[in-house]
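Note sheet for the following structure.
Remember, predicted model here, so these are calculated numbers, not experimental data. Hydrogens, waters and symmetry mates play no part in the numbers below; they use all other heavy atoms, side chains included. Start at 1 and go down the list; that is how both ligands and their atoms are numbered.
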Amino acid sequence: MGMKRILITGASRGIGLELARQLLKEGNTVYGTYRNKNSSKNLFQLAENENKLQLVCLDVNSSESIKSAIRTIEENSPSLDQVFNNAGILDWNSLKQISVDSFKEIYETNVIGAFQVSQGALPLLQKGKDPLIINLSSRLGSIGLRGETQLGGAIAYQCSKAALNMLTKQSSIDYLEYGVRVISISPGWVKTDMGGLEAKYEVPESVKLILSLLENLPTHSTGIFVGEDGETIPW
Ligand SMILES: NC(=O)c1ccc[n+]([C@@H]2O[C@H](COP(=O)([O-])OP(=O)(O)OC[C@H]3O[C@@H](n4cnc5c(N)ncnc54)[C@H](OP(=O)(O)O)[C@@H]3O)[C@@H](O)[C@H]2O)c1
């Protein structure tokens with residue numbers, strides 16, 4: 001409970017914004033990132049009433065932007081305890097329809113973005129308490145579930161989350177020597193701009209499940225892929 005220093009990418013709306021809200025309520029300090037002030041009204045409004053929310057401009061597709069965001073955080077904070085790689089994009093086009101440009105952009109944001117943010121935040125995380133990187137993944141990225149369920153048809157997104165999961169696994173091993181743990185979490189199907197109106201969970205509900213899962217996570221857990229329901233998801 002409370003008092004952690006937490007970086008959340010893509011805090012302008014959806015799951016990222018609600019993570020910021022609930023983590024602030026618990027008394028944590030949150031570095032919430034946004035790309036565009038005009039389309040981040042709810043985040044800016046939240047910051048008016050929350051002095052523990054610091055807004056940081058960040059486009060995870062830009063190395064320069066990531067460097068400058070990390071510099072901004074370093075100027076304000078000696079350490080980070082958690083990083084949520086939450087920023088993500090989706091294209092529902094199937095294997096037959098997907099464009100090369102969209103495929104590349106999805107990898108850039110969902111995989112390379114998370115890679116660069118994690119690498120950039122590593123020095124701050126090493127000075128944190130029980131430092132943890134949480135990669136927002138998806139059951140759509142599970143190779144093991146492919147063919148087992150109806151899910152499918154968003155090829156670039158699926159590939160990107162499978163790649164993100166490999167990043168989770170490999171960095172959980174490579175960051176062991178720094179004491180930094182890395183996990184993949186699927187938030188479930190959530191009513192955001194991405195998830196749509198048909199989704200299972202209201203945003204606060206999914207975020208509450210994620211935070212209680214993190215609260216109860218054994219302190220040695222790393223390199224795992226879990227759902228909002230606490231169940232392990234096959235890679
Ligand atoms: N919703 C679901 O059902 C669901 C299911 C499984 C996994 N997830 C994962 O959960 C995460 C959050 O999803 P969501 O449903 O909250 O999505 P969302 O409502 O579409 O919000 C996406 C967030 O990511 C940010 N973002 C996108 N590209 C970015 C970039 N290049 N640099 C920085 N920020 C960027 C957006 O910022 P802007 O406002 O500037 O665009 C926005 O804040 C994603 O990783 C998603 O894949 C969601």
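- Heavy atoms of Thr9 stay at 4.0 angstrom or farther from ligand 1.
- For the pair Lys161 and ligand 1, the shortest N or O to N or O distance falls below 3.5 Å.
- Using a 4.0 Å cut-off between charged nitrogen and carboxylate oxygen, Lys67 and Glu64 count as a salt-bridge pair.
- Taking all heavy atoms of Arg35, Arg139, Arg13, Glu228 into account, the minimum distance to atom 28 (N) of ligand 1 is reached by Arg35.
- Under the 4.5 Å side-chain criterion, counting only non-hydrogen atoms from C-beta, Ile183 is in contact with Leu217.
- At distances below 3.5 Å, at least one donor-acceptor pair connects side-chain atoms of Glu205 with backbone N or O atoms of Glu202.
- Within the 4.5 Å cutoff, the side chain of Leu197 has no heavy atoms near those of the Lys191 side chain.
- Residue, atom and distance of the protein heavy atom nearest to atom 2 (C) of ligand 1 are Val190 N, 3.6 Å.
- Proximity annotation for atom 19 (O) of ligand 1: of Leu90, Thr192, Ile210, Thr192 comes nearest, heavy atoms only.
- When each of Val180, Leu125, Thr219, Leu214 is checked for a side-chain contact (heavy atoms from CB on, under 4.5 Å) with Leu132, only Leu214 meets the rule.
- In this model, no donor atom of one side chain and acceptor atom of the other lie less than 3.5 Å apart for Asn135 and Ser184.
- A 4.5 Å side-chain heavy-atom check between Phe84 and Leu7 finds every atom pair outside the cut-off.
- Residue Gly14 has at least one heavy-atom neighbour below 4.0 Å for each of these atoms of ligand 1: 16 (O), 19 (O).
- Checked by atom type, the side-chain pair Arg5/Thr29 shows no donor-acceptor distance below 3.5 Å.
- Among protein heavy atoms, the minimum distance from atom 25 (C) of ligand 1 is reached at Gly10 CA, 3.7 Å.
- You'll find the side chain of Asp130 stays beyond 4.5 Å of the side chain of Asp81, heavy atoms only.
- Closest to atom 33 (C) of ligand 1 among all protein heavy atoms lies Leu58 O, 3.4 Å.
- Among all non-hydrogen protein atoms, the one lying nearest atom 9 (C) of ligand 1 is Tyr157 OH, 3.9 Å.
- At least one heavy atom of Ser137 sits closer than 4.0 Å to an atom of ligand 1.
- Near Asn61, with a cut-off below 4.0 Å to any heavy atom, the atoms of ligand 1 are 31 (N).
- Under 4.0 Å from ligand 1, heavy atoms of Val60 appear from its side chain as well as its backbone.
- Nearest non-hydrogen protein atom to atom 43 (O) of ligand 1 is Ser12 OG, 2.7 Å.
- Within the 4.0 Å heavy-atom shell around ligand 1 one finds Asp59.
- A donor atom on one side chain and an acceptor atom on the other are found under 3.5 Å apart for Tyr175 and Gln119.
- The protein atom (non-hydrogen) at minimum distance from atom 11 (C) of ligand 1 is Asn86 O, 3.1 Å.
- Remark: ligand 1 atoms within the under-4.0 Å shell around heavy atoms of Ile89 are 27 (C), 28 (N).
- Across the listed options Ser138, Gly188, Gly195, Gly188 owns the non-hydrogen atom lying nearest to atom 4 (C) of ligand 1.
- Below 4.0 Å from some heavy atom of Trp189 lie the following atoms of ligand 1, by number and element: 3 (O).
- Salt-bridge check for Glu74 with Lys127: failed, with every basic side-chain N at 4.0 Å or more from each acidic carboxylate O.
- Taking a 4.0 Å cut-off on heavy atoms, Pro187 registers as neighbouring ligand 1.
- Given atom 26 (N) of ligand 1, the protein heavy atom at minimum distance is Ala87 CB, 3.8 Å.
- Given atom 13 (O) of ligand 1, the protein heavy atom at minimum distance is Ile15 CD1, 4.0 Å.
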Inset, instruction - Starting from the C-alpha separation in whole Å, work towards a yes-or-no answer on side-chain contact (heavy atoms from CB on, under 4.5 Å) for Ser94 and Ile155. - result: CA-CA 5 Å; Ser94 69; Ile155 186 65; 5.7 Å; no
Inset, instruction - Tell me, with the steps shown, if Ile6 and Leu19 meet side-chain contact (heavy atoms from CB on, under 4.5 Å). - result: CA-CA 10 Å; Ile6 302 170; Leu19 277 169; over 6 Å; no
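- Between Lys191 and ligand 1 there is no heavy-atom distance shorter than 4.0 Å.
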